[in-house]
Amino acid sequence: MKIASWNVNSLKVRLPHLEEWVKLAQPDVLALQETKLEDPAFPHGEIAALGYAHRAVSGQKTYNGVALLSRAPITDVQVGIPGFDDPQRRVIAGTIDDVRVVDLYVVNGQAVGSEKFAYKLDWLARLRDWLAQEIARHPRLVVLGDFNIAPADIDVHDPAAWHEAVLCSTPERDALRAIQALGLFDSFRKLHPQAGEFSWWDYRQGAFRRNIGLRIDLVLVSDALRPRLAAAGIDRVPRTWERPSDHAPAWIDLA
DNA sequence: ATGGTGGTGCGACCA
């Protein structure tokens, strides 16, 4: 089962890229972030035509928005973090075959010390508490999405320039480590030890061409699924296309 | 030090 994550930065604009990429990569499950569409505007017909007969969506106008697309049925859909009345549409989860999939668009946080940064840390703490329950209920768990956190300096093009900046700061990395301590490992890093592998490049200053990026799109896999992890990757190809998302898709293959 | 790009939507925000 191939499972992918992609921050599309507007599904309306990126639908042609999504159509092109799924033909190339053929994921069985595709978790989207930043769809920026209210649910009635979701392009169900176009996406069903790509083979995704099953879809679970949670969107809003202009900002945020997540969706799970699947060839196989999605059961036990959960929208948002239970018990957390968050108006921002950032979380959707569902069970596909025997795997629980949690799709996240983590808060960006703007700048260390800002109000949005405090919201990010609070959000991550609530997420951790919920994921503790999820992994107990569903030992075969995949948590993927735009984490807006580069896990370590190896995931940063210029660690000195990003030292203690938002997306790279110690409190954010500690929050990610606390989530991973539940029994979730970083699939890409487990299989690819080399530096210089990123998933996001700023639109400005030709950052992609110069590979000035961060690895912030992650696929965390529970220890129970470790024997089934056959491959993990980041596909830079759609980032080379005209009018791209600023993020590349990240994916895993489970046997 | 500033602003540099892009999406939404038409001004100002978010990233």
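Naming convention: chains lettered A, B, ... in sequence-line order (proteins, then strands); numbering from 1 in each chain. Values in this document were obtained by computation on a predicted structure and should not be read as measured data.
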Rounded to the nearest 0.5 Å, the CZ atom of R228(A) sits from the OG atom of S222(A) at a distance of 9.5 Å
Whole-Å P distance, dG6(B) and dT2(B): 23 Å
Residues Y203(A) and P244(A): closest non-hydrogen pair is OH-O, 2.9 Å
For E115(A), which residues count as a side-chain hydrogen bond (donor to acceptor under 3.5 Å, both in side chains) partner, sequence neighbours excluded? none
Between P of dA12(B) and CD of Q110(A), the distance in whole Å: 17 Å
Give the dot-bracket line for DNA chain B from 5' end to 3' end: parentheses for intra-strand Watson-Crick or G-U pairs under 3.5 Å, square brackets for crossings, | for inter-strand pairing, dots for unpaired. ....((((...))))
Would one find a side-chain N or O of K116(A) under 4.0 angstrom from OP1 or OP2 of dC14(B)? yes
Per nearest nucleotide of DNA chain B, the residue lying toward the 5' end, K61(A) or H247(A), is K61(A)
Can you measure Y105(A) atom OH to dG7(B) atom C1' for me and round it to whole angstrom units? 11 Å
Looking at the side chain of T62(A), which of dA15(B), dC13(B), dT8(B) is the nearest nucleotide? dT8(B)
What's the gap between dA15(B) and dG11(B) when it is taken at their P atoms, as a whole Å value? 22 Å
dG9(B) C1' sits how many Å from L37(A) CG, rounded? 14 Å
Could you tell me how far apart D217(A) (CG) and dA15(B) (C1') are, to the nearest whole angstrom? 13 Å
Protein N or O to nucleotides 4-6 of chain B N or O, pairs below 3.5 Å:
{"from": "dG4(B)", "atom 1": "O6", "to": "R204(A)", "atom 2": "NH1", "distance (Å)": "3.4"}

Contact list for residues 24-51 of chain A, test ring pair (Phe, Tyr, Trp, His ring centres under 6.0 Å), sequence neighbours left out: F42(A)-H44(A)
Considering only residues two or more places apart or on different chains, which pairs with a residue in residues 46-77 of chain A satisfy ring pair (Phe, Tyr, Trp, His ring centres under 6.0 Å)? none
The criterion is ring pair (Phe, Tyr, Trp, His ring centres under 6.0 Å); which residues satisfy it with H138(A), sequence neighbours excluded? none
For W6(A) and W21(A): C-alpha separation, side-chain torsions, deciding distance, then whether ring pair (Phe, Tyr, Trp, His ring centres under 6.0 Å) applies. CA-CA 11 Å; W6(A) 196 5; W21(A) 187 69; 5.5 Å; yes
In chain order, what residues pass the salt bridge (Lys or Arg N to Asp or Glu O under 4.0 Å) check against D103(A), with sequence neighbours excluded? none
Picking from dG7(B), dG9(B), dA15(B), the nucleotide nearest the side-chain atoms of S10(A) would be dG7(B)
For D146(A) and dA15(B), give me the distance from atom CG to atom P, rounded to whole Å. 10 Å
dG9(B) and dC13(B), which share atom name P, separated by this distance in whole Å: 15 Å
dA15(B) C1' sits how many Å from W162(A) CH2, rounded? 11 Å
In whole Å, what is the span from the CZ atom of F117(A) to the P atom of dC14(B)? 17 Å
Between C1' of dA15(B) and CD of Q88(A), the distance in whole Å: 12 Å
Using a cut-off of 4.0 Å on non-hydrogen atoms, how would the nucleic acid contact of F208(A) be classed: base, sugar-phosphate, or nothing? nothing
If we take the C1' atom in both dC14(B) and dA1(B), what is their distance in whole Å? 23 Å
Please enumerate all residues that pass salt bridge (Lys or Arg N to Asp or Glu O under 4.0 Å) together with D97(A), with sequence neighbours excluded. none
Sequence-distant partners of F117(A), ring pair (Phe, Tyr, Trp, His ring centres under 6.0 Å), two or more places apart: none
